[in-house]
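Read the structure below first, then the notes.
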Amino acid sequence: MQPSNSMIPSPMAPPPQYRPQQWMPQQPQQTQYQVPPPQQPAATAGYYYQQPPQAAPTQQPQPQPQPQPQQYGVSPAAQAPADDGTRSLWIGDLQYWMDEQYIYSCFALTGEVASAKVIRNKQTGQSEGYGFIEFVSHAAAERNLMTYNGTQMPNSEQTFRLNWASMGAGEKHDDTPEYTIFVGDLAADITDYMLQETFRASYSSVKGAKVVTDKITGRTKGYGFVRFGDESEQLHAMTEMNGRYCSTRPMRVGPAANKQKVGGQTKGCQETYHIGAWS
DNA sequence: ATTGAGCGT
């Protein structure tokens, strides 16, 4: 569903430097931007990959039969984000013009990115708004996560939203209940990670946090959610953290009008109003 | 200003 009959100018037009059609193949087969292997065998760790040519013409990267990197599923019990062996980061809040090469170029300066991939709709070929970045090592991935998360994306007004890739199976076991709180009055610079760490400093059962952003502009809406594994910590946080500062502003903390995951627990489901009317 | 919805071949 799209507001097709409106003549709104695109709020964030792709900058002229990045015109996806220039290098995007017509057929959405090749979805992964694979790094060409370095000329000389990597003698030591920390070698540099060559940055792809700036204005790659209509030439598309040729897939090379490379040995698949070994990645095994993480333990289901391990909910910790930094499980060793994981070299992939999840990246969200992508705009449609942000393709593999763009994402790759964002991290190429570190010389530690191995590949970048944007998830696309199989039929339409359009970006689903997220992707994956594989790095040369877990440490490299962690370094880039810490360095870039929340910072400005090149040629964009928005900031990087990065997280550990969950690697498909394993992490979707929902027999562990979650207790979520609402956090409002967030400053504009607060990322998921900052919000999470702000609460984790006092509550060890914090599972994660998410700052809600506008899908179109990528800008924060000034509120978010923090998930707890322990109900008493959730309750404590609601009173103790209310008014506490995160970054430059005091937070407003309250109960989340949540759609809880199916788990047999209390279903406090309320009517969900479609937020489509910003008048 | 204020109650989302993100994990692939």
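This is a predicted model, so every value here is computed, not measured. Each chain gets a letter, A, B and so on, in the order its sequence line appears, and its residues count up from 1.
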Partners meeting salt bridge (charged side-chain N to carboxylate O under 4.0 Å, His left out) with R249(A) (sequence neighbours left out): none

Nucleotide of dG4(B), dT3(B), dG8(B) approaching I119(A) most closely (side-chain heavy atoms): dG8(B)

Phosphate-side-chain proximity, K215(A) and dG4(B), N/O vs OP1/OP2 below 4.0 Å: no

Separation of atom CG in L94(A) from atom C1' in dG8(B), rounded to whole Å: 13 Å

Selected nucleotide, minimal atom distance to K122(A) side chain, candidates dT9(B), dG4(B), dC7(B): dT9(B)

Set of residues satisfying salt bridge (charged side-chain N to carboxylate O under 4.0 Å, His left out) with respect to R244(A), sequence neighbours excluded: none

Closest-nucleotide ordering on DNA chain B, the 5'-leading residue of I181(A) and A209(A): I181(A)

Touch class at under 4.0 angstrom, heavy-atom based, for F182(A) against every strand present: base

Salt bridge (charged side-chain N to carboxylate O under 4.0 Å, His left out) involving E128(A) - partner list, sequence neighbours excluded: none

Members of residues 242-255 of chain A that approach DNA chain B, where some heavy atom sits under 4.0 Å away: R252(A), P255(A)

Spacing between R227(A) atom CZ and dA5(B) atom P, to the nearest angstrom: 15 Å

F132(A)-dG8(B) aromatic stacking (under 5.5 Å, under 30°): yes

Inter-residue atom distance N144(A).CG - L162(A).CG, 0.5 Å rounding: 8.5 Å

K117(A) NZ - dG6(B) C1' separation (whole Å): 16 Å

Interatomic distance where CZ belongs to R219(A) and C1' belongs to dG4(B) [whole Å]: 19 Å

Ring centre gap for F160(A) and F107(A) strictly below 6.0 Å: yes

Rounded distance in Å - OH (Y179(A)) to P (dG4(B)): 22 Å

Length of the line joining I103(A):CD1 and dG6(B):P, which is rounded to integer Å: 16 Å

R161(A) CZ - dA5(B) P separation (whole Å): 10 Å

Aromatic stack F225(A)/dG4(B): centroid gap under 5.5 Å, interplanar angle under 30°: yes

Rounded distance in Å - CG (D214(A)) to C1' (dG6(B)): 16 Å

Proximal nucleotide (of dC7(B), dG4(B), dG8(B)) relative to the S88(A) side chain: dG8(B)

Members besides Y245(A) in its Ile/Leu/Val/Met/Phe/Trp/Tyr cluster (side-chain heavy atoms under 4.5 Å): none

D93(A): salt bridge (charged side-chain N to carboxylate O under 4.0 Å, His left out) partners, not counting sequence neighbours: R161(A)

